[in-house]
Every structure is written in C-alpha cells, then in structure tokens.
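Heads up: the structure comes next, in structure tokens.
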Amino acid sequence: MGYEALMFDLDGTLVDTSAIETWREKRSWHECIRHFHLTRVNPHVHLLLQSIQNKKIGIVTNAPYIYAEPLLKHHGIRYDALISYEKNQKNKPYPDPLFRCAQHMNVHIEHCIYVGNEPTDIAAAKAAGCTSVAYANTYSEVEQLLVYMPHLIIKNFSDLQYTLTEEKHMQKIARECFEQALEEKQKGNSWGYFRYLNEASDHGHGLGYRQEFCVM
C-alpha cells in the first residue's frame with residue numbers, strides 16, 4: 001500500500017454529522033453550519049493526521065464547498081486539496097473528483113489511498129485505480145460494504161494508522177535487506193546475496209527480482 005497521499009470522504013468518515021442529517025438531506029446548508037456544534041470528529045482522526053504530516057491530505061466529498069470548507073475549519077482538519085460537489089461535473093461514484101484531487105496535490109492517483117464509508121466511495125476509488133479503504137464501525141456496515149470488495153476495511157482510524165505504520169516498517173526492512181544483498185554481491189558472496197535478496201522480496205521489495213536477479 002505504498003502511497004503519496006491520503007484522500008478522505010467527509011460526512012460519516014472524518015466527521016460524524018448524523019446529528020445534522022435532516023438539514024443535510026434538505027440541503028439547508030446555512031442551518032447545517034449553525035449546528036456544527038452538534039457534529040464531532042470521528043475517533044483517532046486527528047491522531048492519524050498527525051502521524052502522517054509528511055503526506056498530502058485530500059478531501060473528496062459530494063457536499064458543496066460552502067458547507068464542506070467551514071466544517072473542516074470548525075474541526076481543525078488540515079488538508080491540501082478539497083474537491084466538493086460540482087454541478088456540471090461528474091461526482092462520486094465516478095472517479096473524476098478523485099483524479100482532480102490527485103492532480104491538485106500533484107501526486108499519482110495510483111499512489112493514493114481513498115477512505116470512505118459509502119459504496120459510492122469504494123466504487124470511485126476502485127474506478128480511479130487507487131487503494132480503497134472502507135470505514136465501517138458496526139458489523140452491519142461491514143457486511144454492507146464487504147460486497148463491494150474494498151482493499152481494506154477499518155473499524156476505526158487507529159487501525160489505519162497501525163496499517164500504515166507497519167507498512168512503513170516493512171518497507172524499511174525491505175530496503176535494508178536489498179542494500180545488504182548488494183553488499184554481498186560486491187563481496188562475491190552468492191549465498192548471502194540470494195539470501196538477502198529473498199528476504200527483501202518477502203518484505204515487499206520487488207526491485208531485487210526485477211533488476212538484480214542475475215548470475216554472480
């Protein structure tokens with residue numbers, strides 16, 4: 001799951017806005033804004049964002065900008081790009097807004113992770129070619145989203161933080177094993193070379209077999 005940026009849905013994913021759902025359904029955005037105090041950031045969201053400060057953050061929502069931007073500001077959620085509902089554009093479940101978000105952040109879409117709590121989020125992510133993460137905090141929600149086959153399902157954002165931290169650790173081990181393999185190759189130690197090369201591959205480093213698997 002190597003990535004350059006994380007993209008998130010807003011309502012129900014980053015922020016629990018169930019308390020203002022009636023006004024959202026009526027598209028009474030000014031009433032929504034007046035009642036932002038009834039909304040809350042979902043658990044561990046801020047901790048996750050703090051742990052990935054070196055990564056870009058994008059928000060892709062089907063809500064309008066006049067609602068999404070002040071909601072993010074109200075809860076102090078940082079982001080590098082915000083793609084909201086556009087009347088004359090294709091919105092989720094089409095992948096177009098995810099492409100626009102990646103372009104705004106100057107990252108490759110295939111190196112992005114998109115997190116959402118609706119089938120439209122999974123569909124958009126898979127159509128865009130990025131990693132799809134479904135956020136579901138009840139078993140019924142898990143069952144609902146499972147059939148859409150996201151790459152990963154999380155029940156809270158500490159799960160995602162753990163997954164990303166573990167991946168970073170595995171990548172570090174893979175690089176170290178690969179570098180050790182090259183050192184053994186320079187020494188003429190074929191046994192050590194193939195041993196470390198195999199360990200690098202086991203930890204997800206494919207470069208060894210693509211470029212360095214040759215006769216000593």
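Checked by atom type and distance alone, the side chain of Thr138 pairs as donor or acceptor with a backbone atom of Glu141 at under 3.5 Å. A donor-acceptor pair under 3.5 Å is absent between the side-chain atoms of Asn42 and the main chain of Arg40, judged by distance alone. The backbone N or O of Pro70 sits nowhere less than 3.5 Å from a side-chain atom of His74 that would complete a donor-acceptor pair. One N or O on the side chain of Asn62 and one on the backbone of Lys92 form a donor-acceptor pair closer than 3.5 Å. Not a single donor-acceptor pair under 3.5 Å links the side chain of Lys55 to the backbone N or O of Ala5. Side-chain atoms of Asn156 come within 3.5 Å of backbone atoms of Asp159 as a donor-acceptor pair (strictly under, hydrogens ignored). No donor-acceptor pair closer than 3.5 Å links the side chain of His151 to the backbone N or O of Thr131.
The aromatic ring centres of Tyr3 and Tyr114 sit 6.0 Å or more apart.
Interatomic distance, CD of Glu21 versus SG of Cys32, reported as 10.0 Å (0.5 Å rounding). With values rounded to the nearest 0.5 angstrom, Ile113 atom CD1 is found 8.5 Å from Phe8 atom CZ.
In this view, Thr39 and His75 satisfy the side chain to side chain donor-acceptor pair (under 3.5 Å) rule, not counting sequence neighbours. Residues that satisfy the side chain to side chain donor-acceptor pair (under 3.5 Å) test with Asn117, not counting sequence neighbours, are Thr13.
Put simply, the side chain of Leu164 reaches to within 4.5 Å of the side chain of Leu48, judged on heavy atoms. The shortest side-chain heavy-atom distance between Asp121 and Tyr135 does not fall under the 4.5 Å cut-off.
The environment of Tyr148 atom OH is sparse: at most 12 non-hydrogen atoms of other residues, nucleotides or ligands sit within 6.0 angstrom. Other residues, nucleotides and ligands place no more than 12 heavy atoms under 6.0 Å from the CD atom of Gln103. Applying the 6.0 Å contact sphere to NE2 of His30 captures no more than 12 heavy atoms from other residues, nucleotides or ligands.
Across Ala102 and Ile109, no two heavy atoms sit closer than the pair CB-CD1, 3.9 Å. Between Lys90 and Asp96, the shortest heavy-atom contact is O-CB, 3.7 Å. The heavy-atom pair separating Ile59 from Cys101 by the smallest distance is N-SG, 4.2 Å. Counting all heavy atoms, side chain and backbone alike, Gly116 lies closest to Asp9 at CA-CB, 3.8 Å.
A cation-pi arrangement, defined by a distance under 6.0 Å to the six-membered ring centre and an angle within 45 degrees of its axis, is present between Arg27 and Tyr85. For the pair Lys155 and Tyr139, the cation-pi test (distance below 6.0 Å, angle within 45°) is passed.
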